[in-house]
Amino acid sequence: MAEIPKSYDPQGVESLWYDRWLAAGCFKGKVDSKRESFAVMIPPPNVTGVLHMGHLLNNTLQDIMVRRARQEGKSALWLAGTDHAGIATQSRVEKELRQKQGKTRHDLGREKFIETASEWRDKHGGIILGQLRKLGASCDWDRTVHTLDDGYSQAVLQAFVTLYERGYVYRGKRMVNWCPVSQTGLSDEEVIMKPSKGSLFRMRYEVVELPGTFLEISTTRPETIPGDMAIAVHPGDERYQHLIGKHVWRPFPRAPIPIVGDSAVDPVFGTGVLKVTPAHDRTDFDIGKRHGLTVLDVMNPDGTMSADAGPLAGLERFKARDAAAKLLDELGALVKVEPYENTVGYSERADVPIEPRLSEQWFIRYPKIEEAKRAVTSGIIRFHPERWTKTYLHWLDNIQDWCVSRQLWWGHRIPVWYRKNSDRNESINRHVSLTPPTDPQNWEQDVDVLDTWASSWLWCLATLGWRKPGETTDELKHWYPTGALATGPDIIFLWVARMIIAGLELHGPEKKTLTDDDIRARIPFKRVYFNGIIRDKQGRKMSKSLGNSPEPLDLIAKFGADGLRFGLLSIAPKGQDILFDEDRVSQGRNFCNKLWNASRFRQMSGPMFDNSSLPSIITRIKAEHLDDDDFAILQGLAELTDTTSKHLEEHEFTAYAQGLYTFFWGDFCDWYVEASKARLADPLLRDTCLAVQDLVLRQFLLLLHPVAPFITEELWHLLGYGAENDFIQHHHTATGGDLLRALRDHAIKLVASKVSDVAQLREFVATIRALKSQTNQATRRDTVVTVIAKDSAARTLIENNRDKLYRMAGLAALDFATDAGNRPGMLSVLGTVVLEQSGVVDVAAEMQRLTKELEKVDKVVAAGEAKLTNETFVSKAPPQILEGARKQLEEAKAKRDELSRMLKTIGS
RNA sequence: GGGGGUAUAGCUCAGUUGGUUAGAGCGCCUGAUUGACAUUCAGGAGGUCGAUGGUUCAAGUCCAUCUACUCCCA
């Protein structure tokens, strides 16, 4: 066996093992009905995206779940893939086209453009999947899926057709969110509301029938005035009631428009008078419909003013706003302009204000809303943290139909053909199918494509081969519903909720209502873990423009994938946003190095024996050679095994990481290994001690493996736990009980009291160390102490561990006495410790310390006495609490007495 | 306007059914370097748990109100 180098170098280890895992097919998901299945579907990143900080945590979590499932012997699958990202990709390709060739997509034509975009995707796409390998992601790469793959596309179109046939899809002329840059409609979920600073324009319009009478109106959008078809007031508003039915002069183009009464007007806002522009505002559109107003669109799809905009025609929309204000002023219609802040919807992708725009679009009316709610409220799907349930339900309660058509070319073209020169809104003039009509010359296909989310909402289904309701595949039968989904809460509506709905409606035959059993069979996943968003140290979102986002691959190079994974996990509070700080992540790297060196120490401590299995290690333990520390560390290991399982099961990933950290660093390295060093030098005791180390290391590697796959695999082999092709993923820790049973079978029975014995000894040593440190002799190895033991049990414990205490506390001798005399000392759990060589004691400092401690103890005594003389407490508190309080008071009193005695002697 | 979240040590956070003297990491201070690890070891200082009120024998933990920051929805 090779000698282990001094410090852990992740680089070589990581690439070596990743290649071996791939070569051995370690990540392959195999349909195996005899084993329990566990699948995780990656949230598909944009095909042209690159790895960012958010991916690191999200994918680490998925990897932990899948690797753990593999260890548990489940038939695990982690399926990766990418999303074609309609708007994002198309914009980037168009941009490049414009910059490099000075052309638009229309110059190329649809077919050629898609070809170009596909080439571009193939060239730049999927980089991110390669980057994930550096993180150690154990995806089954052979099953990688892209949303524009043939099979996947078929599923997407079939879902649309099926929903059409079931009456959930319709076409209509509606107000949609229009992005003037991408020139497409968007769903409500793709619109980001942002507070923006603007102006509120106060104008006055003259009443036609009453010359000289003016109405004041406030607006933030004067450029839409040419589209005004009326002004509206609240019908109950006494100020204006008498004017309803009359008209005002619209300033430009000058024309009389009616004054209507409509209860949608908020009489308290502004002047209580609203200008009604049916083509450019949702509320106005509705008002217009109620009053039979014409819808006059004064804007072009690209955001410039149309010919109907009169004097504003041709101007860009924001320039038109200024021009309109100027015009109003010239006409004497402008009363006042004041700064104003309101909330404006921005296009998620293009980051420009959207325009409400009337257009013909396809919509999906969501099916199975009740069932989608029930799936989560009844616990069939569990959210972690649970509070996201509220957000989810709130959205479902206020759900709006989904605009799924996009005026783009990059995506799944809507599978609808219209009879040429006919009314498209008549269903007989439509052909909705995966295949074109048989007489194509008489038809033309819809030019739009589907929203990208209308493909990714099938992710859990289509990646496993779903192509049509009622049909299934071996993969679907085995892995669906998947075990868990890990994602960010920002896409709870865009993706999570829609996937649930898609599963409920489309997985299985058509059913109007679903039973709980149906729901259980149709949901896409059983659990959803919402990870926090990674922010910078100051809590700002990571963004390119701020330049506050570290490069993930640099971080992997710096800390090692394992170190980064472990570090991220230990700073990721459940469901809270994460403030990223490199210094904190370095803890993960340090931990890996600690593990590395502990293993190295094991290797240097003595020969390696047969470590090939748990029994073979246990067999080497001689029960009669075990000491208290062995018992305690083995007991601790058994407990760690169980808490680890619990934390992983409950998705308490931070607790999982911290539990491993404390046990290994604190209990094992700092105490157990140090305390065992004497025994390692004793030929008689050595082998048992080595076997215990081998046992702890082996089990610990198993527990750590999901979060730190590389280093654990490396050490697994270096320490001889597995042969070359026997990977750590094939082994499981079982339970703490199993471990104890295995030990018991070998006549090793752990005694629970040993754990508290060791804890007391540790505290006792800490007391001596502190005392030495305070008297400036921390480094001396020849200190002599006298102990006034608390009781005979304490004395026996000290006697039995004399050598160990000498070693751990740096003592040359330890005597017992019944009286401390006037020497300075310190209290510990086992009694008072007095230093014999107290040469240079800072009396003043010592008195200060003792006084302070005495004050603290006095408070405890006072509180305890108050409690125990309180009759209601004595009569109502449960016995164990009462008993605890009595004991605490007793101890505090003893401590108080001892402290005051020491204080007296030091002062004399 | 509606709904979440958060408020505990200088910083970032634990603290799961209310119950003995509130924890960790980082940072800070003191000390340690010839055989596992300075990506280390030992020790120390530092908080009364945002504010107020309430429930209870007992509140960081439950309830109410308020304040601050933050996110989502309208």
Side-chain angles (χ1 to χ4, degrees), chain A residues 4 6-8 188-189 192-193 266 343 345 385 387-391 393-395 397-398 489-490 492-493 532-533 535 537 539 541 559-560 563 567 570-605 646 650 652 654-655 658 661-662 665-666 669-670 673-674 677 765-774 776-780 808-810 849 852-853 856-857 859-861 863-864 866-868 870-878 880-889 891-892 895:
Chain A
I4 304 181
K6 187 167 173 173
S7 76
Y8 176 53
D188 295 343
E189 286 70 24
I192 313 292
M193 301 307 285
D266 178 2
T343 320
R387 67 183 145 84
W388 291 110
T389 304
K390 275 206 168 183
T391 308
L393 293 175
H394 184 257
W395 183 74
D397 281 334
N398 298 285
D490 48 332
I492 189 166
F493 311 134
I533 292 162
R535 298 170 175 280
K537 232 174 168 173
K541 247 185 167 162
F559 297 114
S570 56
I571 64 167
K574 188 173 178 174
Q576 292 293 116
D577 286 356
I578 295 122
L579 304 194
F580 183 80
D581 182 356
E582 268 199 32
D583 290 343
R584 298 186 65 211
V585 173
S586 64
Q587 190 188 122
R589 174 201 52 183
N590 296 356
F591 187 62
C592 289
N593 193 58
K594 189 72 181 174
L595 172 63
W596 187 258
N597 274 288
S599 305
R600 189 162 159 254
F601 177 72
R602 162 60 192 94
Q603 200 192 37
M604 294 165 78
S605 299
K646 194 178 130 238
E650 291 300 314
E652 301 274 4
T654 307
Q658 257 147 25
Y661 186 93
T662 308
W665 205 311
C669 293
D670 287 347
V673 170
E674 290 304 324
K677 279 181 175 170
V765 166
T767 305
I768 300 173
R769 284 171 175 168
L771 189 57
K772 288 176 67 177
S773 181
Q774 272 164 31
N776 297 318
Q777 47 180 305
T779 49
R780 291 180 71 149
M808 298 300 279
R849 183 184 68 80
K852 207 169 159 190
E853 202 170 339
K856 227 164 109 185
V857 177
K859 271 187 202 158
V860 178
V861 171
K867 221 190 257 183
L868 287 164
N870 182 341
E871 272 179 42
T872 30
F873 173 73
V874 177
S875 59
K876 283 193 175 178
Q880 66 270 32
I881 297 298
L882 197 58
E883 185 50 37
R886 287 210 174 103
K887 204 173 151 201
Q888 187 203 343
L889 178 60
E891 277 168 10
K895 200 168 173 183

Report summary line: Of the listed B:C72, B:G19, B:C37, the closest approach to the A:Asn593 side chain comes from B:C37
Query raised in the report: Within 45° of the axis and under 6.0 Å from the centre of the six-membered ring of A:Tyr661, does NZ or CZ of A:Lys594 qualify?
Result: no
For [X], which contact category applies under a 4.0 Å heavy-atom criterion: base, sugar-phosphate, or nothing?
| X | value |
| --- | --- |
| A:Leu579 | sugar-phosphate |
| A:Glu883 | nothing |
| A:Lys677 | base |
| A:Ala778 | nothing |
| A:Arg584 | base |
| A:Pro489 | nothing |
| A:Asp583 | nothing |
| A:Ala863 | nothing |
| A:Cys669 | base |

Could you measure between the two [atom1] atoms, the one in [N] and the one in [M], and give it in whole Å?
| N | M | atom1 | value |
| --- | --- | --- | --- |
| B:G10 | B:A45 | P | 15 Å |
| B:G23 | B:A9 | C1' | 10 Å |
| B:C66 | B:A7 | C1' | 14 Å |
| B:A42 | B:A24 | P | 13 Å |
| B:G5 | B:A14 | P | 14 Å |

Query raised in the report: Any donor-acceptor pair under 3.5 Å joining the side chain of A:Glu652 to the base of B:A14?
Result: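 Check fails, no donor-acceptor contact within cut-off.
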Side chain to side chain, [X] and [Y], heavy atoms closer than 4.5 Å:
| X | Y | answer |
| --- | --- | --- |
| A:Ile578 | A:Arg535 | no |
| A:Leu393 | A:Trp388 | no |
| A:Glu853 | A:Lys895 | yes |
| A:Tyr8 | A:Arg589 | no |

[N] phosphate, OP1 or OP2: any side-chain N/O from [X] under 4.0 angstrom?
| X | N | answer |
| --- | --- | --- |
| A:Lys772 | B:A32 | no |
| A:Trp665 | B:C41 | yes |
| A:Lys594 | B:C37 | no |
| A:Asn590 | B:U40 | yes |

What's the [atom1]-[atom2] distance between [X] and [N], to the nearest Å?
| X | N | atom1 | atom2 | result |
| --- | --- | --- | --- | --- |
| A:Trp596 | B:C37 | CH2 | P | 14 Å |
| A:Trp395 | B:C72 | CH2 | C1' | 14 Å |
| A:Glu650 | B:G15 | CD | P | 13 Å |
| A:Asp670 | B:A42 | CG | P | 4 Å |
| A:Gln603 | B:C37 | CD | P | 13 Å |

**Report entry** Strand partner of B:U6, provided both Watson-Crick or wobble distances fall under 3.5 Å
**Finding:**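 WC or wobble partner is B:A68.
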Report task. Return yes when atom NZ of A:Lys859 has more than 12 non-hydrogen atoms of other residues, nucleotides or ligands closer than 6.0 Å, and no otherwise. Result ->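 Result for NZ/A:Lys859: open.
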